[in-house]
Amino acid sequence: MKVMKEMKKETFDFSEALRRMKEGKKVRKGGRLRDEILYYDPKRNAIMVMFDGTNSVKKTAMACISILATDWEEV
């Protein structure tokens, strides 16, 4: 029986994450314990965070450590 290896997701820096969010895509920081999905809302001109599994959405203030991270991935 053939065992399929799990494919690694492409990771990128916050600059690329922001570019993808502005294209309407959703991203998250890799290695997060909670599934926080970020997206850009052009009507509010803000980055929003959605908690996976709930309808909770709020504006986010990001820590510098998250902005400097290079393990962002597209959802």
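Only heavy atoms go into these numbers, but all of them, side chains included; no hydrogens, no water, no symmetry mates.
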Those residues that, when tested against Lys26, pass salt bridge (Lys or Arg N to Asp or Glu O under 4.0 Å) (two or more places apart): none

Which atom of Trp72 lies closest to which atom of Asp13, heavy atoms considered: CD1-C, 3.9 Å

Side chain to side chain donor-acceptor pair (under 3.5 Å) against Lys25, all qualifying residues, sequence neighbours excluded: Glu23

Phe14 to Ile67 - nearest heavy-atom pair and separation: CB-O, 3.1 Å

Val27 and Tyr39: CA distance, side-chain angles, deciding distance, side chain to side chain contact (heavy atoms under 4.5 Å, CB included) verdict: CA-CA 7 Å; Val27 299; Tyr39 66 97; over 6 Å; no

Spacing of Ile37 atom CD1 and Met48 atom CE [to the nearest 0.5 Å]: 13.5 Å

Under the salt bridge (Lys or Arg N to Asp or Glu O under 4.0 Å) test, residues paired with Glu16 that sit two or more places apart: Arg19, Arg20

Contacts of type salt bridge (Lys or Arg N to Asp or Glu O under 4.0 Å), residue Asp71, not counting sequence neighbours: Lys29

Pair Glu73-Arg28, side chain to side chain contact (heavy atoms under 4.5 Å, CB included): steps then yes or no: CA-CA 6 Å; Glu73 58 190 28; Arg28 73 172 147 214; 3.3 Å; yes

Gap separating the CD1 atom of Ile47 from the CE atom of Met21, nearest 0.5 angstrom: 4.0 Å

